[in-house]
Structure formats: C-alpha cells, structure tokens
Amino acid sequence: MDSLTKFIRVHIVLFGFLCFISFHAEAAVKKYQFDIQVKNVSRLCHAKPIVTVNGRFPGPTIYAKEGDRVLVNVTNHAQYNMSIHWHGLKQYRNGWADGPAYITQCPIQTGNSYVYDFNVTGQRGTLWWHAHIFWLRATVYGAIVIMPKQGTPFPFPQPDREEVILLGEWWKADVEEVEKQGNNLGIPPNMSDAHTINGKPGPLFPCSEKHTFAMEVERGKTHLLRIINSALNDDLFFAIANHSMTVVEIDAVYTKQFSTQSLLIAPGQTTNVLVRANQIPGRYFMAARPFMDVPIPVDNKTATAIFQYKGIPNTVIPKLPNLPAPNDSSLALSYQDKLKSLNSAQYPANVPLKVDRNLFYTIGLGRNSCPFCVNGTRLTASLNNISFVMPRVGLLQAHYFDIKGVFKTDFPDKPPTPFNYTGAPLTANLRTARGTRISKIPFNSTVELVLQDTNLLSVESHPFHLHGYNFFVVGMGIGNFNPAKDPAKYNLVDPPERNTVGVPTGGWTAIRFRADNPGVWFFHCHLELHTGWGLKTAFLVEDGPGSNQTVLPPPKDLPPC
C-alpha cells in the first residue's frame, strides 16, 4: 500500500469516527422517572392533598435537544388512573407515546408503569406535558424545553438567561370532587379560587408570603421567558410592569419578532419572549389575569410573580403592570394579527396551497334532559351537533388491532343544520347526537378546517388543540364564515404555525395542515370544562404506501384496558 493510499484510508476512518462521535453527541438518550404521587400542598391558607409528579408542583422540566430520544418511565402510585400527554410533540407514527387516555392508550392503573418512548424530530422551543385524564392536569403538568441542534443559534439575539413561566389555576377544594359535583348537578363546576405563576398565586392573595415566585435579573441583561398557559379553563393576559416583551416563538415555532406590552395566551399555548432588564433597578410584578369577553363567571383575580433586579431588597414594594381590561376583544384580535411565521430559508412556512378536503365544524353548547340535575337539564357541548362519547378502549388500539364496534368513521364534514351561527341566541340543541364518531383522512392529503363559534346558549372563545400535528392559522374573523369571500383574505405567505389555536368569541378560525402523520389523533377544545361536555373528536389518518409511512407497532408494556 503506497503512502498516499494509506493516508487517505486513515483519514476516511478518522472522519467516520468523528461523524459517529458527533452524531451520538447530538442524538442523546434522555431518561426521566415520573412517580405519580399524592402530596399535601398548602395555598391560600389551606392545605390539601394533590396529585404530583415526583412530589413537585408544578412538575419537573423535560430538557432535550432536537434529535434526542426521550424515555419517561411513569409509575402510578396515586389512587387515580393516569396518562401523560406531551403537548405539541408530533410523535411521528408513534401515537403510542402521545398519551390522551382512551384515544391512543388506556390509562396507567394504580401500581403500574408505562414508558413513554419518543424522538424529538424537527422541533425546537417550548412545549409542555400534562395529565390527560379527568381534571388531573390541574396539578400534573410541567415544561418541555427543546434546544436547537449543536451549533445552531437562535434566530434572535442570544439571551443571557432564561426562565420557565407556567401559568395555572388553583382550587381550595379537591379538583376531582369539584368536577364530579358539577357533572352530578348538570351545571358548570365551581371556578378556581386563584391563578398561579409557577404554582404560586402571589402576594395579592392571603397567606402567600412563601407562595410568590421571584426571578432575579441584572440590569442590561436580556432574559428569555418560556411562558406556558397550563390553566384548565382560562385565556390569560400576561404583562410585566414597565417592561416590554419581544415575541420570538409560539408553540415551539419561531415567529417574526414584535414588541408588546402584554400578551394573550390560551390554555395549551406557549409563547417565548425576550425581556431586557433596562428599567430603574427595583421590583416589578409579572401578572396574569383572564381574558373573557362574554358575561360568563371566571376567576378574575390577578396572579403575580416578581421580576426583581439584583441587589434590590425585598422590602421594596413591586409595581403592578397595566393589564388589558378583561373583556378587551379588540386588543385580543390585534395581538393575534401580529403573529407571523418566520418563513425564512432555514425555517420555511410550508402552507398547503391546494386543499384536498374542506371541513367546516360548528362549536355548540346545549342542554340535554337530566331528571336528577338542578334545572332538569345537563349542559353539553358538540362539534357539528355531535357530543363525543369517550370509548373504553383506546381508539388507536382499536384501529391498529382492528377491534370492531369501538368507533365509527362517519363524523360529518359539515353541520347537519346550517343556521345563522352567530345571530340571536338559540337554546335548541339542533338534534345534538352522542357518539364516538371520528373522521378518516387519507395519508398525505391536505386539509382545511374552519371552526365556527355559534350562539347556541352563548358565544364564547374556544382554544382547540390538534394532537400529532402543527397547523397553519390562515384566517380568523368575527361573525359567520363566508366561503365566497373570506378565503380571499387568507394569509398563505407567513401565517402563524401552531398546535393550539383560539376561535374568537362569535367568530371563526381557519387552519390548514397536511395529514402526513398516520394514526388516530385527538382534536378537542383545551378548556377542560368543554372537553368534559363532549367538545372533541379525532382524526384517523390512514397509513401511507411507504414502509416509513405506517403506524409503528405498539410497545410491549402498553397499559391494559
């Protein structure tokens, strides 16, 4: 072998070794142990047992890098069945790790374990995880932070520090009993007693001296806040006194940057903002309060945390921000209008321009007969006049193993009875039916779904979450959607890409996505109140022709039904 050939071979081997090392340095396996435990926690001068992960409230943050594999072993020591949803992770072909109870799996029973095994592919940013059964996500939730691949910078100024901000709700009573009481009486359950920031309501509530979250900042430094709305039932305004925020990401998708004094975030959504500590050193309140533009009772008290400059004593009284009015609809809509995808060469917005399937879903509230309920009726909710009935076998299991009689694939593409959706209030149920009915979508087809709020009982805003997918929010408006005129106003260039979107009160939202992830994927209102009343369905996306376009086989430890 001549010296040149030997030189080349040695360098090929060395290059291959370095590539191997580099690949494994990037694509790590991250392992977590989640112990579902009941623990006594005190808030608002009252202690109560709550369900937690590892005894923590909120639960631990999952940290990963784009390309990593994540293994989370969930062991259930609580008296409730449990399942965990990794909200916003696409779980390509891997619905077995998605987590909604009786949709992709049966829940983990007391004393049992299940390993959620998934890859983080093509995503980076802030997502979150939460219980996906009953109202247990009131206390069982935490953040997911996905860093870009090694050597890939943020498409915005590098922050000096970052902080996770989880917005939530707190009930003095046992939240499961609150839900059961409402269901038994046929009326909405009692609203929460407080909102929280990182599990703490702040000093505007009694007995909160030890229950106030504070983050220390240095003057001149830039801080990245990863804000998550973990609340069960409330859209929230968020602001920091005297400080503007620059929005750089929503639902783990980078956005065109814009500055705002306050932001609106619906349950299930995440928003990353940059905040520069450029004010006179002091203590400033971060604050969250509900947005509700119809006369429906909500917990309208303000949760607070402290944005505290280094070196400032705790005796300095923090300043409150000027939060928008709770019913400021115009601000809410103008904020949504500012959200745009980057649509850059590195982060393109691949909006479907041709639509294969047009869907139109109306959102309705109603009353069904209930002799033992308070008013002789029970509140219900529906899409296209169908109130979804949860099965007792996971839909994905039934689909994969061809178990008959669990669901039907005849969910209608449009409502059975057109009417003036946002006109005068209607109290009729318009033939509301109950059933486990879902839509079948061919693999790789493009879908446009228009969600239309209605004035059945009352108009109201609704945040909708699609599991297994991101989608593009191509249009939004007030009143009835007009198929002849409104599509002409769509943004098909740089619309925001999300996994959870708000349908405005008395209005409509249009989304588009490509059905390229086979499996059964839940689609539901992320207000836990409405989900429990039946405001949900699912999409069965068929397998594709390729070997990597079919649902993966289930894991061996899949929880039994």
Side-chain angles (χ1 to χ4, degrees), residues 32-44 46-62 72-87 97-116 127-144 164 166-184 189-201 211 213 228-234 267-268 299 303 390 524 526-529 531-532 559-560:
Y32 289 87
Q33 175 64 40
F34 274 21
D35 288 309
I36 309 300
Q37 303 168 333
V38 174
K39 180 183 179 182
N40 274 338
V41 172
S42 178
R43 297 287 186 274
L44 309 182
H46 174 72
K48 69 169 186 175
I50 66 170
V51 182
T52 69
V53 170
N54 301 345
R56 296 168 58 181
F57 169 66
T61 298
I62 295 283
V72 187
N73 183 49
V74 178
T75 302
N76 187 8
H77 303 283
Q79 70 270 36
Y80 303 103
N81 288 343
M82 177 57 65
S83 69
I84 303 289
H85 170 49
W86 315 94
H87 187 113
D98 191 43
Y102 300 110
I103 303 298
T104 58
Q105 66 168 94
C106 288
I108 306 163
Q109 297 174 14
T110 302
N112 290 356
S113 297
Y114 178 56
V115 177
Y116 291 94
L127 296 171
W128 66 301
W129 58 265
H130 60 82
H132 212 301
I133 183 169
F134 311 125
W135 277 30
L136 292 176
R137 75 174 173 93
T139 57
V140 181
Y141 62 86
I144 302 173
V164 170
L166 287 150
L167 310 177
E169 288 181 271
W170 181 264
W171 280 259
K172 291 180 182 178
D174 183 315
V175 71
E176 289 304 300
E177 291 303 316
V178 169
E179 182 197 13
K180 285 178 187 175
Q181 182 185 47
N183 288 338
N184 290 338
N190 291 338
M191 62 187 177
S192 57
D193 296 293
H195 286 92
T196 58
I197 298 177
N198 287 350
K200 300 175 180 181
H211 304 308
F213 172 75
I228 301 164
N229 187 347
S230 318
L232 266 68
N233 295 311
D234 290 331
D299 165 25
M390 293 296 286
H524 62 98
H526 220 274
L527 301 179
E528 207 63 39
L529 182 66
T531 302

Shortest non-hydrogen separation from Q37 to N54 and the atoms involved: OE1-C, 3.4 Å
- prompt: Looking at residues at least two apart in the chain, or sitting in another chain, which of them share a ring-ring contact (aromatic ring centres under 6.0 Å, His included) with H85?
  reply: H87, H130, H132, H465, H467
task: Give a yes or no answer on whether the side chain of D193 reaches the backbone of K172 with a donor-acceptor pair at less than 3.5 Å.
output: yes
- prompt: Nearest 0.5 Å, what's the CD1-CD1 distance between I133 and I84?
  reply: 10.0 Å
query: Under the side chain to side chain donor-acceptor pair (under 3.5 Å) test, which residues partner Q33, sequence neighbours left out?
result: D35, N73, T75
task: Taking the six-membered ring for Trp and the single ring otherwise, decide whether the centroids of W170 and F57 are under 6.0 Å apart.
output: yes
query: What residues form a ring-ring contact (aromatic ring centres under 6.0 Å, His included) with Y116, not counting sequence neighbours?
result: W86, Y114
task: Using salt bridge (Lys or Arg N to Asp or Glu O under 4.0 Å) as the criterion, list what pairs up with E528, not counting sequence neighbours.
output: R137
statement: Applying salt bridge (Lys or Arg N to Asp or Glu O under 4.0 Å) to E176 and not counting sequence neighbours gives none
message: Taking N229's backbone N and O only, do any of them form a donor-acceptor pair with W128's side chain (distance below 3.5 Å, no angle check)?
response: no
message: What's the separation between atom CG in N112 and atom CD1 in I36, rounded to the nearest 0.5 Å?
response: 12.5 Å
message: By the definition side-chain contact (heavy atoms from CB on, under 4.5 Å), identify the one residue from V53, I228, L232, L166 that meets it with Y141.
response: L166
- prompt: Does K180 have any salt bridge (Lys or Arg N to Asp or Glu O under 4.0 Å) partners at least two apart in sequence or in another chain, and if so, which?
  reply: E177
query: Between the side chain of S83 and the main-chain N/O of G99, is any donor-acceptor distance below 3.5 Å?
result: yes
